[in-house]
*Asks:* 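First the structure, then my questions, so here it is.
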Amino acid sequence: KVYQTEILPALEKLPKLLNEFRPHAKKDESKQKLVIMENYYKQMKQFESIMKTMDKELQNAKGKHY
């Protein structure tokens, strides 16, 4: 399962990495990397939400057709 092997670990580990990296992002290049990491985390959270909604809708559709 993609969720358990890729999405969930990223959602669990990224906040800690961001908190550790944030105080060290002093230079422009580091700040840009931090923004990229923060955007990636936000996108992963949005993707998780979309996947959960899709799963719920598919389960509802399955129940209606059987």
*Asks:* Output all residues satisfying side chain to side chain contact (heavy atoms under 4.5 Å, CB included) with Glu6, sequence neighbours left out; order by chain, then residue number.
*Replies:*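 With sequence neighbours excluded, Glu6 shows a side chain to side chain contact (heavy atoms under 4.5 Å, CB included) to Val2, given in chain and number order.
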
*Asks:* Taking side-chain hydrogen bond (donor to acceptor under 3.5 Å, both in side chains) as the test, write out the residues that go with Asn19, two or more places apart.
*Replies:*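 Scan of Asn19 (side-chain hydrogen bond (donor to acceptor under 3.5 Å, both in side chains), adjacent residues dropped) gives Arg22.
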
*Asks:* With rounding to the nearest 0.5 Å, note down the distance linking CD in Gln43 to CD1 in Ile36.
*Replies:* 10.5 Å

*Asks:* Can you establish whether the number of heavy atoms outside Phe21 located under 6.0 Å from its atom CZ is more than 12?
*Replies:* yes

*Asks:* Once you round to the nearest 0.5 Å, how far does CG of Leu11 lie from CZ of Phe47?
*Replies:*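 The distance works out to 10.5 Å.
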
*Asks:* What are the two closest non-hydrogen atoms of Ser30 and Ala25, and how far apart are they?
*Replies:*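 Closest approach of Ser30 to Ala25: CB-CA, 3.7 Å.
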
*Asks:* How would you list, by chain and number, every residue that makes a side chain to side chain contact (heavy atoms under 4.5 Å, CB included) with Leu8, sequence neighbours excluded?
*Replies:*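 Only Tyr3, Glu12 meet the side chain to side chain contact (heavy atoms under 4.5 Å, CB included) criterion with Leu8.
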
*Asks:* Looking at NZ of Lys16 and CG of Leu14, how far apart are the two atoms once the value is rounded to the nearest 0.5 Å?
*Replies:* 12.5 Å

*Asks:* How close do Pro15 and Ala10 get, counting heavy atoms only, and between which atoms?
*Replies:*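 That would be CD-O, 4.2 Å.
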
*Asks:* Check whether any side-chain heavy atom of Ile50 lies under 4.5 Å from a side-chain heavy atom of Met54, and answer yes or no.
*Replies:*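 The answer is yes, as the side chains (C-beta and beyond) meet within the 4.5 Å cut-off.
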
*Asks:* Roughly how far, to the nearest 0.5 Å, is CD of Glu48 from CD1 of Ile7?
*Replies:* 7.5 Å

*Asks:* Taking Glu29 first and then Lys33, would you say they form a salt bridge - that is, a charged N and a carboxylate O separated by under 4.0 Å?
*Replies:* yes

*Asks:* State plainly whether one hydrophobic cluster holds both Tyr40 and Leu34, where clusters connect Ile, Leu, Val, Met, Phe, Trp and Tyr through side-chain heavy atoms under 4.5 angstrom apart.
*Replies:*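 Yes.
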
